[in-house]
**Q** 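Have a look at this one.
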Protein chains: 2
Amino acid sequence: MRISARADYAVRAALELAAAGDDCPLKTERIAEAQGVPRKFLEGILNDMRRGGLVVSRRGGQGGYKLGAPPETITVADVIRVVDGPLVSVRGERPPALSYTGPAESLLPLWIAVRANVRAILGEVTLADIARSELPERVYKLAEQPESWTNP
Amino acid sequence: MRISARADYAVRAALELAAAGDDCPLKTERIAEAQGVPRKFLEGILNDMRRGGLVVSRRGGQGGYKLGAPPETITVADVIRVVDGPLVSVRGERPPALSYTGPAESLLPLWIAVRANVRAILGEVTLADIARSELPERVYKLAEQPESWTNP
DNA sequence: TAGTATTCCTACCGCTTTGATAGGGAAATC
DNA sequence: GATTTCCCTATCAAAGCGGTAGGAATACTA
């Protein structure tokens with residue numbers, strides 16, 4: 001289960017926009033430098049976000065990008081879905097599309113539970129939460145536990 | 001965040017073995033038919049599981065595969081790690097290897113929380129749980145909620 | 001000891017995805 | 001009209017993914 005570079009970059013760009021505020025559009029160059037991601041690559045990602053309605057753009061002189069909605073209303077899941085499609089998939093299918101037989105029958109509810117638990121984080125945390133470093137209680141509690149930081 | 005075909009197949013094969021019991025080795029052919037997965041592909045997966053110590057094999061006449069440990073002690077996370085590497089990664093790196101700056105600083109604890117929540121499911125549910133269709137309370141509760149089944 | 005069944009190994013294949021770059025067209029500002 | 005910036009298309013190499021082929025090694029059976 002991997003978070004792609006696209007998704008990571010997209011969220012980081014969105015966070016820069018959230019921090020910049022609504023009346024201060026940022027150009028690709030600025031964001032790329034601030035977050036240390038390849039400019040041309042980021043260009044394409046921002047474009048996807050625009051098509052997805054997540055950001056709005058303006059060209060020319062004082063142009064750039066800004067968020068298309070208040071950062072309190074945009075979740076990380078929203079961003080990832082726009083640039084990468086479904087949050088969680090099994091063999092390229094969304095879990096409800098699967099079917100199992102024999103001793104594997106209860107595998108479906110398991111994948112469903114995994115997806116629900118991923119949503120419980122990514123679907124609840126907003127850009128505003130991260131930008132101001134105030135993750136929701138429940139999320140913070142998870143991140144706090146030392147065993148969450150250890151690799152198996 | 002996708003579960004690969006390898007991982008899905010591996011878990012299903014392991015479940016067949018769990019259901020078969022310790023004194024009844026299954027051959028690749030049997031498992032492939034039972035779960036409807038390509039035989040030759042499954043062969044390679046079972047081999048990885050053997051190298052990872054998850055299953056033991058015997059060739060010849062009454063050969064086949066059986067679990068290398070009681071199914072109550074093997075979690076789904078164990079299986080996935082053996083065939084696919086780390087459970088959760090960001091841009092190919094494990095979360096603790098990342099670092100973020102500016103408004104993205106709190107992105108790291110977020111990824112950590114996601115991983116923790118994935119582990120909370122896949123690292124707790126054992127092959128025995130699934131094979132006998134008795135998922136732990138907490139997991140069952142998640143899978144039960146109707147909104148867990150809806151696509152966004 | 002010969003035969004057969006099964007795992008095991010190596011290599012390969014086509015396809016898609018991923019991460020990234022290049023170059024120029026279109027529009028907004030000055 | 002010049003400049004700035006977004007926007008579009010095309011391309012690229014490398015890696016991963018899902019799957020296949022053929023045969024070598026080994027264990028049981030007779």
**Q** Can you pull out every salt bridge (charged side-chain N to carboxylate O under 4.0 Å, His left out) where at least one residue sits in residues 94-113 of chain B? Sequence neighbours excluded, please.
**A**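 Sorted pair list comes back empty.
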**Q** Where along residues 4-39 of chain B does a heavy atom come under 4.0 Å from DNA chain C, residue by residue in number order?
**A**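 Per residue number, the list reads B:K27, B:T28.
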**Q** Name the nucleic acid region contacted by B:R50, choosing base, sugar-phosphate or nothing; use a 4.0 angstrom heavy-atom cut-off, strictly under.
**A**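 The residue B:R50 makes sugar-phosphate contact but no base contact.
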**Q** Check A:V76, A:I3, A:I121 against B:V114 for a side chain to side chain contact (heavy atoms under 4.5 Å, CB included) and give me the one that passes.
**A**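 Result for side chain to side chain contact (heavy atoms under 4.5 Å, CB included) with B:V114: A:I121.
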**Q** Do the side chain of A:S89 and the main chain of B:R2 share a donor and acceptor less than 3.5 angstrom apart?
**A**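 The answer is no, because no donor-acceptor pair under 3.5 Å joins these two groups.
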**Q** For residues 133-140 of chain B, run the donor-acceptor check on the side chains, cut-off 3.5 Å, and write out each pair with its distance to 0.1 Å, sequence neighbours left out.
**A**
residue : atom : partner : partner atom : Å
B:S133  : OG   : A:S106  : OG           : 2.7
B:R138  : NH1  : B:A120  : O            : 3.4

**Q** Is there a donor-acceptor contact under 3.5 Å from the side chain of B:D84 to the main chain of B:R81?
**A**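 Here the side-chain-to-backbone pair does not exist.
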**Q** Kindly point out which of C:dC8, D:dG18, D:dC8 is positioned nearest to the side chain of A:K40?
**A**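 Nearest nucleotide to the side chain: D:dC8.
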**Q** Would you say B:N117 and A:R119 are linked by a side-chain donor-acceptor pair, where the criterion is simply a distance under 3.5 Å?
**A**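 No pair is found: no donor N or O on one side chain lies under 3.5 Å from an acceptor on the other.
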**Q** Rounded to the nearest 0.5 Å, what separates atom CG in A:D8 from atom CG in B:L98?
**A**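 Rounded to the nearest 0.5 Å, the CG-CG separation comes to 7.0 Å.
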**Q** How many whole angstroms separate atom CZ of A:R91 from atom P of C:dC15?
**A**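 It works out to 21 Å between those atoms.
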**Q** Quick one: which residue pairs count as a salt bridge (charged side-chain N to carboxylate O under 4.0 Å, His left out) with a foot in residues 17-31 of chain A, not counting sequence neighbours?
**A**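 Residue pairs with at least one partner in residues 17-31 of chain A: A:E29-A:R39.
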**Q** Whole angstrom is fine here: how far is it from CG in A:L42 over to P in D:dT5?
**A**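 About 15 Å, once rounded to whole Å.
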**Q** Assess whether atom CD of B:E72 is packed by more than 12 heavy atoms of other residues, nucleotides or ligands within 6.0 Å.
**A**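 Enclosed.
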**Q** To the nearest angstrom, how far is A:L46 atom CG from D:dT5 atom P?
**A**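 Interatomic distance, CG of A:L46 to P of D:dT5: 14 Å.
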**Q** CZ of B:F41 versus P of C:dC13: gap in Å, rounded?
**A**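 Atom-to-atom, B:F41 to C:dC13, this comes out as 18 Å.
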**Q** I need the CZ-P distance between A:R2 and C:dT18, as an integer number of Å.
**A**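 Rounding to the nearest Å, CZ of A:R2 and P of C:dT18 are 8 Å apart.
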**Q** Rounded to the nearest Å, what distance is computed from the CD atom of residue B:E43 to the C1' atom of nucleotide D:dA25?
**A**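 So the two atoms are 13 Å apart, to the nearest Å.
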**Q** Is B:V11 linked to B:V56 within one hydrophobic cluster, defined over Ile, Leu, Val, Met, Phe, Trp and Tyr using a side-chain heavy-atom separation of less than 4.5 Å?
**A**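 As far as the 4.5 Å side-chain criterion goes, B:V56 and B:V11 are not connected within one cluster.
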**Q** If the cut-off is 4.0 Å, is B:N47 near the phosphate of C:dC9, judged by side-chain N/O to OP1 or OP2?
**A**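 Indeed, a polar side-chain atom of B:N47 lies that close.
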**Q** Atom CD1 of B:I45 and atom P of D:dG19: how far apart are they, to the nearest Å?
**A**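 Atom CD1 in B:I45 sits about 9 Å away from atom P in D:dG19.
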**Q** Let me confirm one number: the CD-OG distance from A:E93 to A:S99, rounded to the nearest 0.5 Å.
**A**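 Reported to 0.5 Å precision, the distance equals 10.5 Å.
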**Q** Does any residue of residues 57-67 of chain A have a heavy atom under 4.0 Å from DNA chain D, and if so, which ones, in number order?
**A**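 Residues of residues 57-67 of chain A that come under 4.0 Å of DNA chain D are, in numerical order, A:S57, A:R58, A:R59, A:G60, A:G61, A:G64, A:Y65.
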**Q** Quick one: bend of the helix from C:dT1-D:dA30 to C:dC30-D:dG1 from 5 pairs per end, to 10°?
**A**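 Answer for the end axes of this duplex: 10°.
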**Q** Rounding to a whole Å, what distance do you find between A:M49:CE and D:dC7:P?
**A**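 Atom CE in A:M49 sits about 12 Å away from atom P in D:dC7.
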